[in-house]
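Here is the structure we will look at, set down as structure tokens.
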Amino acid sequence: MTSTLLRGRTLTFRRRPLSMDDTQAYAYETDGALLLRDGLIVASGAYNAVREQAPEDAVEIDHRPHLILPGFIDTHVHFPQMQVIGSYAANLLEWLNTYTFPEECRFVETAHAQRIAVHFFDEMIRHGTTTAVAYCSVHKTSADAFFAEAMKRDMRMVAGKVMMDRNAPQGLLDTPEMGYDETRAVIAQWHGKGRNHVAITPRFAITSTPEQMSAAQALAAEFPDLHIQTHLSENRDEIDYTLSLYPDAADYTDVYANYGLMGPKSLFGHAIHLSERERDAMSETGSIAVHCPTSNLFLGSGLFPLKELARREKPVRISVASDIGGGSSYSMLRTMDEAYKIQQLLGERLNPFDSYYYLTLGNAKALSLSERIGTLEPGTDADLIVLDMAATPAMALKAEVVTSLSDELFLLQTMGDDRAVVETYVAGRAAKTKLA
Ligand code: GUN
Ligand code: ZN
């Protein structure tokens, strides 16, 4: 396979930035390059040094003056909710019952699941998201459609067949046995195939009986390397309802702890209204709180205390996500703009370096996948994006007065969306400009 040499300004993180001035936290090359071969980054750094390592027949693509970054990672998104976005509801439970559950029922049809999967991957690529952690529907066929499309696109994806056996329409319910058997079948069929990762996915405590939670626990014990994803403490009425269904639990987090579902590969969507005890439990188990800012604002769920959770003595691991279709944008740039505003309302500062750390290396670390994605390190997957801070007339005008990298990142986050993504490379191949 021929090699590709990308030229542009390159930015990658080494660790979480401690402040705006923490230049050791990242590597930035004003005339940088990446050498790509067989889906991997084989060299990165200053253009002249990388060029010397490139074979004669390498194809050079000049992306100057744009910025090349690792592809964005979205750690919580619902693939069957592409047609739920923008549904007018007062709160989470009304939104689920009125719009979301009926829509997900349609995924019993294989043809529908396949059609939406094509759109889903198109949107990920269009928005520069190269890895996502997705909920499918309860139907195994939805997971089959999702993973088949992921393999076609050669994208690194984490996803699971949802387990839910109560408090939803009949067409959206499995049973403890079905949830267990079908999740095992999805694992056997798809985990480790191509770049696919299967996640154990009990939707949340309200829609799983104690028997199904035990089935999820059995899966977690049998497949300890798999990710687990669910929802936690998103909305006050949801919390009260959960505690009425699990009266013996000390709090909402304790429900999942009692079924052995916490740990360093467990992703808890939202986790907004946690007590100090719950925060300690999250921290002690290395569990991840997944911040979904556009969703939290859209559904009026609450203000996620990101900075507070990150700086406490027992810090909580955090990732960021779109939560489509509770979320209102596929764009991880829009997502961080809303994350920034939430911290503003809480009297906290979220600096641009911190934001882009979360979108790349931070989310990769939260998924225990930083050996593969979220960085421009040689040896990792060549999943990359190219960003243009002057993508629209209004952005170009503002860009005239931008004088620093932090200003550029902040402009992209504040005004950018899919239009700012010039190209998305998946496993070393240009994917966005190839979209139909
Ligand atoms: N809680 C349980 N299911 C869902 C869902 O689909 N979206 C959101 N935002 N919260 C949930
Ligand atoms: Zn969700």
Side-chain angles (χ1 to χ4, degrees), residues 16-20 72-78 81 85-87 89-93 95 127 129 132-133 231-239 252-253 267-276 278-279 282-283 287-312 315-363 365-366 406-407 409-417 420:
R16 182 160 179 228
L18 303 173
S19 70
M20 280 282 267
F72 291 147
I73 301 168
D74 184 345
T75 58
H76 182 125
V77 53
H78 294 261
Q81 295 178 13
I85 301 171
S87 293
N91 56 55
L92 170 68
L93 297 178
W95 175 84
H127 288 82
T129 298
V133 184
H231 295 85
L232 169 66
S233 203
E234 178 176 2
N235 165 289
R236 302 267 180 208
D237 291 338
E238 172 214 14
I239 297 169
Y252 195 165
T253 302
L267 302 160
F268 291 95
H270 307 289
I272 303 170
H273 311 283
L274 300 180
S275 67
E276 287 303 311
E278 292 177 285
R279 294 174 183 192
M282 292 287 290
S283 179
S287 300
I288 321 296
V290 183
H291 180 31
C292 306
T294 71
S295 171
N296 295 166
L297 293 173
F298 183 78
L299 293 173
S301 301
L303 304 177
F304 180 82
L306 181 143
K307 283 293 206 179
E308 202 181 316
L309 292 177
R311 72 165 169 255
R312 66 200 296 276
V316 176
R317 297 174 71 200
I318 292 164
S319 68
V320 294
S322 69
D323 189 33
I324 293 297
S328 51
S329 175
Y330 291 93
S331 169
M332 294 308 289
L333 295 170
R334 306 282 0 99
T335 298
M336 290 318 290
D337 184 40
E338 301 294 281
Y340 173 81
K341 293 172 190 169
I342 288 175
Q343 293 315 298
Q344 290 289 93
L345 287 171
L346 291 169
E348 304 273 10
R349 307 299 311 280
L350 181 60
N351 83 56
F353 290 110
D354 219 359
S355 286
Y356 286 75
Y357 168 77
Y358 278 117
L359 291 177
T360 57
L361 185 61
N363 273 358
K365 280 184 180 291
S406 62
D407 281 356
L409 295 174
F410 203 46
L411 164 56
L412 279 161
Q413 172 185 305
T414 307
M415 299 181 80
D417 52 29

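- In this structure a side-chain-to-backbone donor-acceptor pair under 3.5 Å is missing from Glu338 to Thr294.
- Note: Ser287 OG to Met282 CE = 5.0 Å, rounded to the nearest 0.5 Å.
- Judged as a side-chain contact (heavy atoms from CB on, under 4.5 Å), and not counting sequence neighbours, the contacts of Ala366 are Ile288, Ser319.
- Considering only heavy atoms from C-beta on, Tyr358 comes within 4.5 Å of Ile318 through its side chain.
- A distance of 12.0 Å separates OH in Tyr357 from CE in Met336, rounded to the nearest 0.5 Å.
- Interatomic distance, NE2 of His78 versus CD1 of Ile85, reported as 11.5 Å (0.5 Å rounding).
- Listed by first then second residue, pairs satisfying salt bridge (Lys or Arg N to Asp or Glu O under 4.0 Å) with a partner in residues 291-303 number zero, not counting sequence neighbours.
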Candidate pair Tyr330 and Thr129, rule side chain to side chain contact (heavy atoms under 4.5 Å, CB included), full reasoning: CA-CA 9 Å; Tyr330 291 93; Thr129 298; over 6 Å; no
Working for side chain to side chain contact (heavy atoms under 4.5 Å, CB included), residues Phe268 and Thr253: CA-CA 9 Å; Phe268 291 95; Thr253 302; over 6 Å; no
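- A side-chain donor-acceptor contact under 3.5 Å links Glu278 to the backbone of Ser275.
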Criterion side chain to side chain contact (heavy atoms under 4.5 Å, CB included) on His291 and Asn296, from CA distance to verdict: CA-CA 8 Å; His291 180 31; Asn296 295 166; 3.7 Å; yes
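- With Thr75 contributing its side chain and Val320 its backbone, the two residues share a donor-acceptor pair below 3.5 Å.
- The side-chain heavy atoms of Lys341 and Leu345, taken from C-beta on, include no pair separated by under 4.5 Å.
- Proximity of Val133 to His76: side-chain heavy atoms (C-beta onward) are nowhere separated by under 4.5 Å.
- In this structure, Ser295 OG and Gln81 CD are separated by 9.0 Å, a value rounded to the nearest 0.5 Å.
- Rounding to the nearest 0.5 Å gives a distance of 11.0 Å between OG of Ser406 and OH of Tyr356.
- Residues passing the side-chain contact (heavy atoms from CB on, under 4.5 Å) test with Asn235, sequence neighbours excluded: Asn91, Leu92, Asp237, Glu238.
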Criterion side chain to side chain contact (heavy atoms under 4.5 Å, CB included) on Leu350 and Ser355, from CA distance to verdict: CA-CA 7 Å; Leu350 181 60; Ser355 286; 3.8 Å; yes
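- The two residues Asn351 and Ser19 have their closest heavy-atom pair at ND2-C, 3.8 Å.
- Remark: Lys365 NZ to Ile73 CD1 distance equals 11.5 Å, nearest 0.5 Å.
- With sequence neighbours excluded, the residues that form a side-chain contact (heavy atoms from CB on, under 4.5 Å) with Ser331 are His127, Ser329, Leu333, Arg334, Asp417.
- Judged as a salt bridge (Lys or Arg N to Asp or Glu O under 4.0 Å), not a single pair has a partner in residues 320-331 (not counting sequence neighbours).
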Using distance only, find each side-chain donor-acceptor pair of residues 297-309 under 3.5 Å and give its atom names and separation, not counting sequence neighbours.
residue	atom	partner	partner atom	Å
Lys307	NZ	Arg349	O	3.4
Lys307	NZ	Asp354	OD2	3.1
Glu308	OE2	Arg279	NH1	2.9

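- Minimum heavy-atom separation, Tyr340 to Gln413: CB-NE2, 3.5 Å.
- Residues Leu274 and Leu232 form a side-chain contact, since some pair of their non-hydrogen atoms from C-beta on lies under 4.5 Å apart.
- Contact annotation: the side chain of Arg16 never approaches that of Phe353 to less than 4.5 Å [non-hydrogen atoms, C-beta and beyond].
- Of all heavy-atom pairs between Ala271 and Ala289, the closest is CB-CB, 3.9 Å.
- Minimum heavy-atom separation, Gly416 to Ala420: CA-CB, 4.3 Å.
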